[in-house]
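It should be emphasised that the depicted structure is a prediction, and the values quoted were computed from it without experimental measurement. Atoms within a ligand are numbered from 1 in the order they appear, just like the ligands themselves.
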Amino acid sequence: MNTTRLPAVAQRPARLPPRCRTLKRGERLLEPEVYLTRLDGRAAVVKDYSRYRHTPLAPLARVLVRREARALRRLAGWRHAPALLGRIAPLALAIEYVPGIPLSQAAADSPAPVFAQLRGAVARLHAAGITHNDLHPANVLIASGGTPVLIDFASSLRAPHWLRRSPLVRQLRRGDLANVLKMQARLTGIGPGRRQRATLAEPGWVRSIRDGWKRLYRRDRRRAQD
Ligand SMILES: Nc1ncnc2c1ncn2[C@@H]1O[C@H](COP(=O)(O)OP(=O)(O)OP(=O)(O)O)[C@@H](O)[C@H]1O
Ligand SMILES: [Mg+2]
């Protein structure tokens, strides 16, 4: 966790550091290889999109790396996000290793306090103008002492001040909160309270887009079956 400021990796290593253990294979489109390594004598996680080098998807991979690095840099010193150790290659970044377990495994032992902390962490993230946009149990680690740590900021967005009250950004914040409450309901059986349900209620324009989309989809399916 990011409580003490870790020094960035001294230099870009000439080549990527050796893999100690694979944490996640990059199998789907634009998924990175995620592995555990050691950098400057400490455990680190590398997110590596290098397989996209010299392919048409390289610019998109670079955007994901840059976006995650930028979000982690902004959150430096925050205990609910890992520290960025550095961009160690054009398409790879190194992140502090958080020794913890995924929320899906931890919630059974300590449900309510973990989710109260998680809601607080997401609220603070939003207050800083950042939305995570990909909150699910594999992207929340529970570190020692039961502290939830958010990882995987590749989809995150930081809205400029003038956009923070816009319907779109509000919708993204609502999406983050809805994901937290969904995880809470699924892992602990505790559903959202009345006030939370009111916060989550979608505005009319979102419902109309969703309903319109569903109608179109059903009509196309019926046509395909005829
Ligand atoms: N800082 C970290 N400390 C410990 N484990 C981590 C860390 N970062 C990632 N992991 C482990 O690696 C897994 C994959 O990492 P991550 O979620 O960042 O990648 P991803 O889901 O493939 O990324 P993306 O959504 O950007 O395609 C996580 O679910 C977690 O188990
Ligand atoms: Mg992930």
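Annotation: side-chain hydrogen bond (donor to acceptor under 3.5 Å, both in side chains) contacts of R158 (sequence neighbours excluded): none. Every residue was checked against the side-chain contact (heavy atoms from CB on, under 4.5 Å) condition with R195, not counting sequence neighbours, and none meets it.
Between the side chain of T131 and the backbone N or O of R173 there is no donor-acceptor pair closer than 3.5 Å. Counting only distance, with no hydrogens or angles, the side chain of T147 and the backbone of A143 share no donor-acceptor pair below 3.5 Å.
Of all heavy-atom pairs between P102 and P137, the closest is CB-O, 4.0 Å. Nearest heavy-atom pair, V140 versus L150, reported as atom, atom and distance to 0.1 Å: CG2-CD2, 4.2 Å.
Protein residues having a heavy atom under 4.0 Å from any atom of ligand 1 are L23, K24, E31, P32, V34, V45, K47, Y49, I95, E96, Y97, V98, D134, A138, N139, L141, I151, D152, A154, listed by chain and number.
Atoms NZ and CD, on K24 and E33 in that order, are 10.5 Å from each other to the nearest 0.5 Å. In this structure, the separation between OH on Y49 and CG on L64 is 4.5 Å, given to the nearest 0.5 Å.
Within 6.0 Å of the CZ atom in R53, the count of heavy atoms belonging to other residues, nucleotides or ligands does not exceed 12.
The set of protein atoms (N, O or S) found at less than 2.8 Å from the Mg ion (ligand 2) reads N139 OD1, D152 OD2, by chain and number.
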